[in-house]
Amino acid sequence: MSKILNLFFVVILMASCAKQEPIETPDKDYNPEAKLEALNIVLPEPPKPVANYVNGVRTGNLIFLAGKGPKRVDGTEITGKLGVDITIDEGYGAARLTAINQLAVLKEMLGDLNKVKRIVKVLGLVNSDPNFVEQPKVINGFSDLMVDVFGEKGKHARAAIGVASLPRAQAVEIELVVEVYE
């Protein structure tokens, strides 16, 4: 019996001495909310889904955000086809507005953008004429704002592709994957 009792105490002692991983938290200087304020950006109400889906799904420490477009606060959208009736600069602005809309969704889901650990992946769809080949310049409007708000944590993997059309003739639609602190 004493051997079993001794073994039990050894197991308890080993378990209590095992190194536990510390809970990871943001750096003390990390404050995306303050960056938004410094950029004079006020997040709107998140756009509601327009069909049978949700704005975002969290699984573990990843959030997958559904595609969003450049919807203004008044409900109108930036529409048009790059290379036909909308310029690269206008497309860049549409992508930036889409970034603001996605940040509003993230804020609603998390309550605090300081919980964002990093922007992982961005998929940017650009409503393009077949001869238009500057999709990356357009989606930079989204990517640049992510870096402005999150710093190094805003740098991400990305695809920027041209498509023949988008819902409601939106100029862009952008989805992303975000890693969050526990």
Side-chain angles (χ1 to χ4, degrees), residues 26 31-82 84-87 89-128 135 138-150 153-154 156-182:
N31 193 342
E33 303 270 350
K35 294 278 180 122
L36 283 172
E37 191 175 325
L39 293 166
N40 293 316
I41 294 174
V42 176
L43 296 179
E45 285 292 314
K48 302 295 179 215
V50 297
N52 190 16
Y53 63 91
V54 295
N55 276 335
V57 172
R58 181 173 179 168
T59 180
N61 65 341
L62 293 177
I63 294 179
F64 294 79
L65 292 183
K68 289 279 177 233
K71 184 176 275 189
R72 298 179 185 103
V73 174
D74 67 4
T76 62
E77 296 176 298
I78 298 174
T79 60
K81 191 172 286 289
L82 274 290
V84 175
D85 51 10
I86 187 169
T87 67
D89 286 342
E90 291 167 326
Y92 180 99
R96 187 176 190 281
L97 178 57
T98 301
I100 292 169
N101 289 332
Q102 289 288 34
L103 290 173
V105 171
L106 268 178
K107 171 92 173 178
E108 181 179 67
M109 289 184 74
L110 295 171
D112 185 351
L113 292 177
N114 293 342
K115 294 179 182 177
V116 172
K117 187 172 182 179
R118 86 166 295 123
I119 306 301
V120 177
K121 176 77 165 92
V122 170
L123 172 61
L125 307 174
V126 180
N127 189 353
S128 304
Q135 289 83 4
V138 171
I139 300 303
N140 279 346
F142 187 98
S143 297
D144 290 349
L145 187 60
M146 291 297 111
V147 174
D148 288 345
V149 171
F150 297 106
K153 298 169 189 275
H156 49 268
R158 184 183 89 179
I161 61 173
V163 295
S165 67
L166 286 170
R168 298 171 313 283
Q170 295 176 120
V172 299
E173 182 173 330
I174 303 172
E175 65 179 47
L176 69 153
V177 179
V178 179
E179 183 181 13
V180 297
Y181 292 102
E182 297 296 324

Check whether any side-chain heavy atom of [X] sits under 4.5 Å from a side-chain heavy atom of [Y], and report yes or no.
X	Y	result
Leu62	Val180	no
Leu125	Ile161	yes
Val138	Tyr92	no
Ile41	Ile100	yes
Val42	Leu36	no
Arg58	Ile63	yes
His156	Met146	yes
Leu65	Met109	yes

Pairing donors with acceptors under 3.5 angstrom, does anything connect the side chains of [X] and [Y]?
X	Y	answer
Asn140	Arg158	yes
Asp89	Thr87	no
Glu173	Thr98	no

For the backbone of [Y] and the side chain of [X], can you confirm whether one donor and one acceptor N or O come within less than 3.5 Å of each other?
X	Y	result
Glu37	Pro32	no
Lys117	Val178	no
Gln102	Ile174	yes
Lys121	Ala157	no
Asn55	Pro47	yes
Asn101	Pro46	no

Option passing side-chain contact (heavy atoms from CB on, under 4.5 Å) with Val116 (candidates Ile119, Asp112, Asn114):
Ile119
Is there a side chain to side chain contact (heavy atoms under 4.5 Å, CB included) between Phe64 and Leu176? Walk through the geometry before answering.
CA-CA 6 Å; Phe64 294 79; Leu176 69 153; over 6 Å; no
Is the shortest distance from a Lys or Arg side-chain nitrogen in Lys107 or Glu33 to a carboxylate oxygen in the other one below 4.0 Å?
yes
May I ask you to decide whether Arg72 forms a salt bridge with Glu77, counting only side-chain N to carboxylate O separations under 4.0 Å?
no
Closest non-hydrogen atom pair between [X] and [Y], with its separation:
X	Y	value
Asn127	Ala169	ND2-O, 3.7 Å
Val163	Lys81	O-NZ, 4.4 Å
Pro44	Ala104	O-CB, 3.3 Å
Gly80	Ile86	C-CG2, 3.9 Å
Gly91	Leu82	CA-CD1, 4.3 Å
Ala66	Glu175	C-CB, 4.0 Å

Rounded distance (nearest 0.5 Å) linking atom CD of Glu90 with atom OG1 of Thr79
10.0 Å
Please evaluate residues Leu166 and Val126 with respect to the criterion side chain to side chain contact (heavy atoms under 4.5 Å, CB included), reporting the C-alpha separation (whole Å), side-chain torsions for both, the decisive distance (0.1 Å), and the verdict.
CA-CA 8 Å; Leu166 286 170; Val126 180; over 6 Å; no
So Asn61 and Tyr181, side chain to side chain contact (heavy atoms under 4.5 Å, CB included) or not? Walk me through it.
CA-CA 7 Å; Asn61 65 341; Tyr181 292 102; over 6 Å; no
